[in-house]
Amino acid sequence: DVDAIEQPPTADLARLKSDPKFTLTSKISHRVIYFNFDHLDRSSPFVTGKDGKPLEKNPLTDVRVRRAISKAINRPAIAERVMEGQAIPSGQLVSEKLFGHNPALKAEAYDPEGAKKLLAEAGYPNGFNLTIHGPAGRYVNDEKIVQAVAQMLARVGITAKVETAPMGPYSGRASKQEFSFHMVGWGASTGEASSPLRSLLATFNRDKGLGAVNWGRYSNTRVDYLIEQALQQVNDENRMIMLQRATELAMADLGIMPIHFQFTMWATKKNVAYTPRTDEYTLAFQFRPTKG
């Protein structure tokens, strides 16, 4: 007999909502679900021409191609259909609840025609072939999200197939730059945008402790400068401006491609109350009996 279920499967939400024995509560999480691009100047390992042969140049190093991929993604459809409404489309690294959120940055609008136009401008009028990699069972509906993205890319001429794996071996390969385009999630545990900026988008530098999870090896000296300045700031207002500006530059460049902020969810028996936390932690002492 269960009193509470953490992160119930979204496929069960309708049944849980209609079950008089349960109360369903959810809250936006600190976790952004995003995709990494291969930013390395090489023949990217999982990109080929339509003939199946490797491409000498990596198309993902062209911002027009990255923007085309972003425009091809219908984020509201993923949030509503794949996530059953338990996500908010994202155009940045942290939600409005966290420090450093930039209110000017909106989720990329779904624009398949614009995507096709950009691909043609970049020299890929017929698109190319791409394998998308994703984790299995690490994030809410992770495999379904990757499958949805593959279908959306197919509509603009990028023939995509999907490979998923458990997080351990998957992250090992991703951290060695073995993929071309892959999905990950990041929880801003510090509660501000400096967390994803320094880990995901700062140029990889082991000595400085920067870019530790910059698995696509994105690098932008202007973004680096703003991140390093922000990390040294004691004045909150100045730090906020620097974090917002660094985010704006990195998102314009599509250093990574945000999809959505997932929700943290709880289903509890009617006589038990729990307020979901942004940090996704489950703390036993915060469960409480309800009256009546």
Return the OG1 to CD distance between Thr247 and Gln244, rounded to the nearest 0.5 Å. 7.5 Å
Which residues satisfy the side-chain contact (heavy atoms from CB on, under 4.5 Å) test with Pro258, sequence neighbours excluded? Val32, Ser90, Met251
Determine, step by step, whether Asn220 and Tyr218 satisfy the side chain to side chain donor-acceptor pair (under 3.5 Å) criterion, reporting the C-alpha distance in whole Å, the side-chain angles of both residues, the deciding distance to 0.1 Å, and the verdict. CA-CA 7 Å; Asn220 181 324; Tyr218 173 70; 3.1 Å; yes
Between Lys144 and Val82, what is the shortest heavy-atom contact and its length? CB-CG1, 3.7 Å
Is it the case that atom CZ in Arg81 sees more than 12 heavy atoms from other parts of the structure closer than 6.0 Å? no
For Leu105 and Gln92 the tightest heavy-atom approach is O-NE2, 3.3 Å
NZ/NE/NH1/NH2 to OD/OE distance under 4.0 Å, Glu108 and Arg75: no
Of all heavy-atom pairs linking Ile33 and Gly185, the shortest is CD1-CA, 4.0 Å
Heavy-atom side-chain proximity of Gln86 to Val140 below 4.5 angstrom: no
Do Ser180 and Leu60 touch side chain to side chain, with heavy atoms closer than 4.5 Å? yes
Report yes or no: does Lys53 contribute a side-chain atom to a donor-acceptor pair with the main-chain N or O of Lys50 at less than 3.5 Å? no
Pick one: which of His182, His133, Gln177 meets side-chain hydrogen bond (donor to acceptor under 3.5 Å, both in side chains) with Asn36? His182
Ignoring hydrogens and geometry, is there a side-chain-to-backbone donor-acceptor pair from Arg67 to Ala252 under 3.5 Å? yes
Taking all non-hydrogen atoms of both residues, which atom of Arg217 and which atom of Leu40 are closest, and how far apart? CB-CD2, 3.7 Å
Criterion side chain to side chain contact (heavy atoms under 4.5 Å, CB included) on Trp186 and Ile256, from CA distance to verdict: CA-CA 12 Å; Trp186 184 261; Ile256 63 174; over 6 Å; no
Verify same cluster id: Phe204, Leu249 (apolar side-chain graph, 4.5 Å): no
Other residues, nucleotides, ligands: >12 heavy atoms within 6.0 Å of Lys161 NZ: no
State whether Asp62 and Lys57 are salt-bridged, where the test is any N-O pair (Lys NZ or Arg NE/NH1/NH2 against Asp/Glu carboxylate O) under 4.0 Å. no
Between Phe37 and Leu55, is there a shared hydrophobic cluster once you connect ILVMFWY residues whose side-chain heavy atoms come closer than 4.5 Å? yes
Can Asp38 and Ser44 be counted as having a side-chain donor-acceptor contact under 3.5 angstrom? yes
Please tell me whether Asp224 and Thr203 have a donor and an acceptor in their side chains that are separated by less than 3.5 angstrom. yes
Any side-chain heavy-atom pair from Ile88 and His260 closer than 4.5 angstrom? no
Around Arg222, counting heavy atoms of other residues, nucleotides and ligands shown, do more than 12 lie under 6.0 Å from its CZ? no
Can you tell me how far apart CG (Leu226) and CG (Leu201) are? Round to the nearest 0.5 Å. 12.5 Å
Do any N or O atoms from the side chain of Asp253 and from the backbone of Gly255 form a donor-acceptor pair under 3.5 angstrom? no
Does any non-hydrogen side-chain atom of Phe35 lie less than 4.5 Å from one of Val149? yes
When rounded to the nearest 0.5 angstrom, what distance separates CG in Leu231 from CG in Leu197? 8.5 Å
Do Val184 and Val213 belong together in a cluster built from hydrophobic side chains that touch within less than 4.5 Å? yes
Flag for Ser171-Trp215: side-chain donor and acceptor within less than 3.5 Å: no
Heavy-atom side-chain contact between Met183 and Met257 under 4.5 Å: no
Salt bridge flag under 4.0 Å for residues Arg198 and Glu228: no
Atom pairs and distances, side-chain donor-acceptor, residues 116-130, under 3.5 Å, sequence neighbours left out:
| residue | atom | partner | partner atom | Å |
| --- | --- | --- | --- | --- |
| Lys116 | NZ | Glu113 | OE2 | 3.4 |
| Asn129 | ND2 | Thr48 | OG1 | 3.4 |
| Asn129 | ND2 | Gly49 | O | 3.2 |

By side-chain hydrogen bond (donor to acceptor under 3.5 Å, both in side chains) - contacts of Ser43 (at least two apart): none
Can Leu243 and Val94 be said to form a side chain to side chain contact (heavy atoms under 4.5 Å, CB included), step by step? CA-CA 11 Å; Leu243 293 175; Val94 294; over 6 Å; no
Nearest atoms (heavy-atom pairs only) where Ser195 meets Gly187: OG-O, 4.2 Å
Answer with yes or no whether the hydrophobic clustering places Val63 together with Val47; edges join I, L, V, M, F, W, Y residues whose side-chain heavy atoms lie under 4.5 Å apart. no
Could you check if a side-chain atom of Ile78 sits within less than 4.5 angstrom of a side-chain atom of Asn141, using non-hydrogen atoms only? no
Output yes when a side-chain donor or acceptor of Asn58 lies under 3.5 Å from a complementary backbone atom of Asp41, and no otherwise. no
To the nearest 0.5 Å, what is the distance between NZ (Lys208) and CD1 (Ile227)? 11.0 Å
Minimum heavy-atom distance Thr164-Val162, with the two atoms named: CG2-CG1, 3.9 Å
Is a side-chain donor or acceptor of Asp142 paired with a backbone partner of Arg138 at a separation under 3.5 angstrom? yes
Both conditions, 6.0 Å and 45 degrees, for the charged tip of Arg31 above the ring of Phe261: are they met here? no
Stepwise, does the side chain to side chain contact (heavy atoms under 4.5 Å, CB included) test hold for Ile132 with Val146? CA-CA 7 Å; Ile132 310 176; Val146 178; 3.6 Å; yes
Consider only side-chain heavy atoms of I, L, V, M, F, W and Y, link residues closer than 4.5 Å, and tell whether Tyr170 and Tyr139 are in one cluster. yes
Rounded distance [0.5 Å steps], CG in Asn238 versus CD in Gln232: 12.5 Å
Has the side chain of Arg239 got a donor or acceptor atom that lies under 3.5 Å from a matching backbone atom of Ala230? no
What's the separation between atom NE2 in His101 and atom CE in Met240, rounded to the nearest 0.5 Å? 9.5 Å
Phe181/Phe46 aromatic ring centres below 6.0 Å: no
